[in-house]
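A short worksheet on the structure shown next.
Counting starts at 1 for both ligands and their atoms, in listed order. This one's a predicted model, so the numbers in the text were calculated from it and none came from an experiment.
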Amino acid sequence: MTINKLLVVIIIIFIKFGGCEKVFKSVPVVFKIYENESVLLPCYIQDNETVARVKWYKNNRLLGDTLDQHTLLPSRMYMHRNYSLQIDSLRAHDTADYTCEVIRPEPLGPIKQSHSIEVQCSPSVRTIPEEGFLEVRKGEYVDIGCEASGTPKPTIEWRKNGEAMALLEHRSRIRFRAEHRLLAGVYECIADNSVGDPVKAAIRVIIQDAPVVSAVRTFVHTAIGLRAALQARLDFAAPPAKTAWFRDGRPVKTDDRIIIMGHENSHQLIFRTVRKSDLGNYTFRAENKLGMADVSFKLTGVPNVASFKVDPSLNKATSTSFTLIWEVDSYSTIIEYNLWIRPYYGSRSPIDPDSVSTVGPAYFWSKIVVPGDSIDGPIHSASYTVRGLTPSTVYEATVTSRNRFGWSKTSAVLHFATEPGVGRTLPVTIDYADITPTLEEPESEQPENITQAHVFERLNEMPMSDSGAREKLNVIVISFLICSIIWLS
Ligand SMILES: *[C@@H]1O[C@H](CO)[C@@H](O)[C@H](O)[C@H]1NC(C)=O
Ligand SMILES: *[C@@H]1O[C@H](CO)[C@@H](O)[C@H](O)[C@H]1NC(C)=O
Ligand SMILES: *[C@@H]1O[C@H](CO)[C@@H](O)[C@H](O)[C@H]1NC(C)=O
Ligand SMILES: *[C@@H]1O[C@H](CO)[C@@H](O)[C@H](O)[C@H]1NC(C)=O
Ligand SMILES: *[C@@H]1O[C@H](CO)[C@@H](O)[C@H](O)[C@H]1NC(C)=O
């Protein structure tokens with residue numbers, strides 16, 4: 001076994017010169033060597049020097065002495081005749097500074113040379129907390145970490161829910177305020193020191209907060225005798241929430257016909273066969289010790305919101321007429337439609353006060369009553385040709401539908417244009433050539449000059465839009481929080 005073969009990785013660093021260069025032929029060395037291998041630490045002295053005695057120290061603790069054979073060199077260690085110290089089967093705890101002290105005859109003083117051994121060890125990590133799990137209340141601090149050992153010292157990278165965290169430094173400790181439940185997740189650290197494979201450890205962080213609920217459809221159209229289901233989602237519940245369905249503030253009484261079902265995050269209130277008395281307002285509520293959340297539903301027989309069809313081959317336009325086509329879902333016969341029409345001026349309120357007088361009453365909506373059909377549904381289609389329109393003019397239209405349960409909400413607004421023709425045009429010039437019928441989302445404000453207020457009764461306040469805005473805000477809050485994460489040094 002040759003010594004050269006034993007030295008696998010040797011990086012020579014001159015630690016210090018200390019005036020010994022005349023005595024020692026060898027130089028101080030840092031040995032970076034893998035576990036189980038051997039190393040030879042030189043203590044090579046100039047031939048013209050007289051050596052009385054040599055001692056080896058490990059971090060200043062005596063290991064061996066040439067004049068005292070009884071100073072027991074630990075097992076795996078051997079001092080050669082040329083004073084080199086050989087260490088076999090290196091262990092992690094052999095990482096240390098080793099000093100050879102040469103004692104010369106009086107009056108010359110002793111001189112020393114030191115080497116370092118770094119036994120290369122693949123990394124290992126210990127999480128903080130050790131169980132890899134941390135649950136805090138919203139507003140409290142999350143304090144997690146990964147203590148990595150290994151030689152050389154491993155660097156630590158962090159991931160949250162599988163995504164790299166853009167941290168400026170390789171921190172072993174992360175501390176931040178649990179401002180939002182979305183800061184919860186699996187935080188994973190990866191320790192790497194290029195010796196062996198990187199190792200990973202994960203800490204699952206749970207942030208307790210009031211529950212969050214949502215629903216896709218809160219306005220549920222039905223009819224007597226049909227099956228109907230109200231569906232709520234429990235988007236978040238830590239700690240777990242108690243859930244319940246209410247009608248007019250009282251818990252819903254369940255029986256063979258009205259059933260509550262809950263599976264994972266999905267919660268349903270099912271009516272096997274709807275009775276007239278079932279129609280009404282319902283609330284799904286989730287509650288834990290940190291708060292509660294609810295989402296309201298309306299189980300109703302009134303028609304769903306109608307939608308205009310945009311199809312040039314069917315929307316026949318002339319200079320004075322236009323054919324509107326729409327569809328509506330209703331399990332019951334539609335008794336009548338109200339079609340609301342008015343010229344379109346590009347905005348709800350003309351900015352130029354003069355134009356108000358010019359436009360006059362034409363600004364207001366005109367109502368056209370269109371008879372319903374005798375079909376049971378569920379899909380009803382209707383068309384109506386509006387006559388007596390002004391040529392080259394853009395109009396807007398909206399429609400409501402009534403069945404025996406009442407009026408639906410207003411549809412989205414349709415914009416359409418009449419063809420050019422001879423005759424008077426309105427004193428507003430619009431490049432009508434570009435106007436194809438287009439649908440606009442319903443406006444939150446009600447159309448002016450509609451006296452039958454109940455037609456536009458807001459039956460269906462969608463909490464969804466609210467929560468959508470909340471989520472957006474959350475994203476902003478979280479971006480801010482991530483930017484302001486506080487680190488422990
Ligand atoms: C060193 O030897 C021990 C026991 O023989 C073994 O368990 C360990 O994996 C070895 N280490 C390396 C880095 O080969
Ligand atoms: C030994 O030789 C070196 C040069 O080779 C010299 O610098 C040193 O002083 C000598 N030491 C003694 C004790 O003569
Ligand atoms: C010291 O002795 C060992 C064993 O005989 C040998 O392998 C090594 O090369 C020697 N070192 C020097 C610096 O002469
Ligand atoms: C249902 O709730 C709406 C408000 O969301 C309310 O105007 C209406 O009167 C309620 N209906 C019943 C039957 O309580
Ligand atoms: C509503 O509009 C009509 C014309 O379509 C008009 O005769 C009526 O006075 C308006 N009502 C109100 C309250 O403005």
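No side-chain donor from either of Thr151 and Thr95 sits under 3.5 Å from a side-chain acceptor of the other.
Listed as neighbours of ligand 1 are Glu35, Asn36, each bearing a heavy atom under 4.0 Å from the ligand.
Checked options Asp65, Thr66, Asp68; the residue passing with Arg53 is Asp65 (criterion: side-chain hydrogen bond (donor to acceptor under 3.5 Å, both in side chains)).
A distance of 7.5 Å separates CG of Asn403 from OG1 of Thr300, quoted to the nearest 0.5 Å. With values rounded to the nearest 0.5 angstrom, Ile117 atom CD1 is found 13.5 Å from Lys32 atom NZ.
Ion pairing of Glu163 with Arg159 is absent here, as no side-chain N (NZ or NE/NH1/NH2) approaches a carboxylate O to less than 4.0 Å.
In terms of polar-atom proximity, Asn82 is counted as a contact of ligand 3, with an N or O under 3.5 Å from an N or O of the ligand.
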Query raised in the report: ring pair (Phe, Tyr, Trp, His ring centres under 6.0 Å) between His115 and Tyr98: does it pass, once the steps are laid out?
Result: CA-CA 5 Å; His115 306 288; Tyr98 291 84; 8.9 Å; no
